[in-house]
Amino acid sequence: MMAGKKKNANYISAKESREISRKNRKITREMEQKRNRKNIPESEYVTKMKNSDNCVEFDNVHTYFFTDIGTVKSVNGVSFDVPQGKTVGIVGESGCGKSVTSLSLLQLVQRPSGQTVEGEIRFNTGDKVYNVVNAPTEVMQKLRGNYMSMIFQEPMTSLNPVFRIGDQVDEVIGLHNAEMSKEQVKARTIEMLDMVGIANKEGVYQMYPHELSGGMRQRIMIAMALACSPRLIVADEPTTALDVTIQAQVLDLLRSLKDKINSSIMLITHDLGVVAEMADYVVVMYAGRVVEKGTAKEIFKDPRHPYTIGLMNSKPVVGKHIDKLYSIPGSVPNPVDMPDYCYFKDRCEMCVEGCEGEYPRAYQVSPTHVVSCYRCKEGGAQDGK
Amino acid sequence: MASEDKERLAHQEENILEVSHLKKYFPIKGGFFGGETGSVKAVDDVSFQIRRGTTMGLVGESGCGKSTTGRTILRLIEKTAGTVLFNGTDVNGMDKKQLRQLRTKMQIIFQDPYSSLSPRLPIGEIIGEAVRQHNLVSKEQYNDYITQVMLDCGLQEYHKDRYPHEFSGGQRQRICIARALALKPEFIVCDEPVSALDVSIQAQIINLLKELQEKRNLTYLFISHDLSVVEHISDAIGVMYLGGLVETGSTEDIFGNPLHPYTKALFSAIPMPDPDIKINRTILEGDIPSPANPPKGCKFHTRCRECMAVCKEQAPEAKDMGNGHVVRCHLYDK
């Protein structure tokens with residue numbers, strides 16, 4: 001029975017596939033045309049923040065990938081805020097949409113198949129507020145690097161192996177500061193290398209990426225990201241490829257630099273330890289949706305969503321002895337064919353009445369703590385927005 | 001009768017694996033005539049024992065020689081010097097025929113389940129190929145045997161005819177485990193088996209490994225850089241730095257009372273999933289030195305906070321601090 005059912009869900013005929021891709025082309029062409037219009041009026045992408053203390057506000061963001069086997073709703077109604085000067089940690093398993101959320105903010109999602117179809121991402125540059133979803137490419141180019149920048153996961157694949165370190169950092173600084181002379185740019189690069197704790201900065205300026213270790217390469221990535229003192233740093237698993245000792249160095253560096261230039265950090269990771277250490281606020285994602293968000297203390301001391309609880313229990317902790325680790329049963333549902341009830345229901349061991357109903361809305365446990373689970377409905381918790 | 005029992009008991013108590021003064025140097029070729037210009041000392045004088053039915057964890061930063069140690073023990077890489085005794089016989093003295101028999105007793109699970117499975121073979125064949133080669137079960141039993149191994153590892157029978165690309169990372173790691181287990185091994189080297197997996201999948205695989213160990217009395221050498229995983233699964237731990245073991249001992253001793261400055265620094269770098277804990281961190285400065293040109297004296301002295309004059313000159317000897325807790329550091333020279 002299992003085999004038969006699975007086959008139907010995963011198999012589509014060539015005819016169906018052609019049908020889907022024809023529909024997709026129609027949708028994406030329309031969206032691309034809208035985006036590529038000339039002289040888009042400013043009123044379309046300049047908005048107002050809900051709360052001017054926030055650096056970024058994600059408001060019901062939907063980013064879909066239109067593939068030949070169906071529409072993958074990678075980010076499916078995500079809302080959270082990143083306050084200025086704070087660190088927000090985004091946690092979840094691979095494929096839950098945490099990277100796509102950050103890429104949507106920078107508008108780096110692979111187009112035309114990947115599109116942010118709904119919602120607003122408001123970014124506060126200080127004097128103007130942009131809705132980056134509608135912002136044209138020229139505006140995005142000014143925002144990226146100057147106001148928001150990204151540190152990627154794999155330092156080896158993100159640096160160009162055929163250019164010297166100095167040239168690569170120079171390029172970033174030169175592009176965003178056209179008025180600077182070559183010497184000034186170089187001086188700034190060396191200053192940045194010094195800031196991220198590279199001792200032999202003149203030497204490293206002349207080196208190629210392969211001559212550096214993983215930790216050093218990640219420092220270069222951080223130097224590039226911070227070159228223009230951005231208001232927001234998006235760190236996509238910045239320490240996953242590194243050893244614990246180097247990880248501690250890099251995290252320490254990020255924290256001190258953040259304080260120095262008073263920027264916000266959006267930290268994407270699957271390591272709960274890193275999040276606990278770095279983040280002020282935590283967002284837990286599952287299958288493209290936010291299942292729980294709150295301050296770090298609320299999430300770690302009082303997790304409410306069964307997925308968050310399961311995630312916490314499945315990680316062994318040094319100094320705590322348990323015979324058997326908890327493991328969340330089952331696996332993530334097929335992204336093309338999501339159920340219409342709670343996405344976590346099939347793996348959940350704490351189901352209550354009402355779980356078969358539509359996807360649970362966000363219930364407010366405390367002013368900052370929001371959980372999407374029917375279990376939090378009772379107990380005096382009032383409805384969230 | 002009684003003496004036989006005693007013997008068997010003694011046999012069970014004994015060490016399944018004894019590694020002494022194991023060395024592996026990789027030559028660096030260079031110069032005008034392509035001669036040897038030096039060597040990378042990947043494993044430099046490593047000694048430890050593993051008791052039957054227990055798990056030994058090997059931790060350290062990348063590039064410290066953990067994986068090379070594991071592979072040299074299995075003779076996947078030929079050693080430079082030292083001995084490896086498996087069940088009392090020297091692995092390196094074996095001829096081809098004996099080595100072939102040994103392969104069924106010692107197996108390895110690799111880190112990356114995406115590249116360690118042949119994309120052209122169905123799962124049943126991946127698991128069963130070696131079983132047929134070694135004639136472990138008769139032809140009539142072969143199918144049932146493979147099914148049983150797959151069920152033990154949490155795979156279903158209908159997976160037999162599928163290909164690796166149809167499986168997720170966690171499932172593939174189960175296939176790798178099943179492949180190793182099908183040969184009824186006594187000893188398995190687990191080379192970072194969970195590093196490439198998600199947290200919740202990690203828990204499944206760790207539980208599976210523990211369960212199989214109890215069921216089949218397996219012995220593991222568990223190589224990982226994730227200290228919390230190693231603490232969870234191991235009975236004994238060896239901490240490696242730049243090709244050498246700096247500290248060995250039981251898990252309680254190593255985690256409860258770390259002695260070597262490197263071990264201390266390593267443990268203080270573990271991020272704790274609790275926002276209230278603000279640990280006083282001793283952050284190690286700099287990177288691990290090149291194993292082709294390791295520092296003189298104690299290899300750790302370039303990054304050590306408690307470096308003394310003697311550390312720069314003399315390599316420290318191994319000292320037993322009681323209960324099999326061995327440390328190599330001049331701080332404990334009395």
Side-chain angles (χ1 to χ4, degrees), chain A residues 2-3 10 91-96 197 199 212-216 239 241-249 251-252 270-280 282 295-297 299-301 307 310-329 331-332 347, chain B residues 59-64 156 158-159 166 168-171 194-208 210-211 225-233 251-252 255-256 262 265-279 281-288 290 303:
Chain A
M2 272 284 280
N10 286 330
V91 206
E93 289 176 85
S94 34
C96 74
L212 303 172
S213 65
M216 293 280 267
T239 57
L242 306 177
D243 280 315
V244 268
T245 52
I246 310 294
Q247 168 172 299
Q249 289 176 9
L251 293 181
D252 202 48
H270 62 252
D271 190 335
L272 292 165
V274 172
V275 171
E277 196 169 288
M278 297 283 294
D280 303 302
V282 180
T295 62
K297 210 169 194 172
I299 299 285
F300 282 94
K301 294 288 172 196
Y307 179 66
L311 212 55
M312 304 251 178
N313 289 341
S314 56
K315 175 102 182 134
V317 177
V318 172
K320 242 186 236 169
H321 269 285
I322 12 160
D323 259 356
K324 200 169 182 309
L325 286 173
Y326 176 76
S327 69
I328 303 172
S331 54
V332 186
R347 304 175 73 186
Chain B
V59 292
E61 291 173 84
S62 45
C64 73
Q156 298 301 317
Y158 66 84
H159 288 154
E166 297 175 63
S168 63
Q171 292 277 52
V194 295
S195 306
L197 307 174
D198 264 326
V199 191
S200 64
I201 314 290
Q202 260 185 23
Q204 290 174 14
I205 298 295
I206 293 169
N207 285 341
L208 174 68
K210 274 197 133 182
E211 196 181 294
H225 64 257
D226 191 334
L227 293 156
S228 50
V229 171
V230 170
E231 194 212 11
H232 179 75
I233 201 165
T251 305
E252 294 86 49
F255 274 87
Y262 178 65
L266 205 60
F267 289 172
S268 87
I270 310 171
M272 298 292 266
D274 186 342
D276 284 347
I277 300 178
K278 290 274 177 270
I279 354 166
R281 195 152 274 169
T282 43
I283 292 180
L284 281 180
E285 302 290 326
D287 282 325
I288 194 164
S290 159
R303 297 168 82 188

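Quick note on labels: first sequence line is chain A, next is B, and so on, each numbered from 1.
The environment of B:K210 atom NZ is dense: over 12 non-hydrogen atoms of other residues, nucleotides or ligands sit within 6.0 angstrom.
With hydrogens and angles disregarded, a donor-acceptor distance shorter than 3.5 Å links the side chain of B:Q202 to the backbone of B:V194. The main-chain N or O of A:Y326 is never found under 3.5 Å from a side-chain atom of A:N313 such that the two would form a donor-acceptor pair.
For A:D323, the part sitting under 4.5 Å from any heavy atom of chain B is the backbone (N, CA, C, O) and nothing else. Of the two parts of A:Q247, only the side chain, counted from C-beta on, holds a non-hydrogen atom closer than 4.5 Å to a non-hydrogen atom of chain B.
In terms of non-hydrogen atom pairs under 4.5 Å with chain B, the most contact-rich of A:L272, A:V244, A:I328, A:T245 is A:T245. Comparing B:V199, B:D198, B:D226 by heavy-atom pairs within less than 4.5 Å of chain A, the highest count is held by B:D198.
Exactly one of A:V282, A:D271, A:V274 qualifies for a side chain to side chain contact (heavy atoms under 4.5 Å, CB included) with A:V91. That residue is A:V282.
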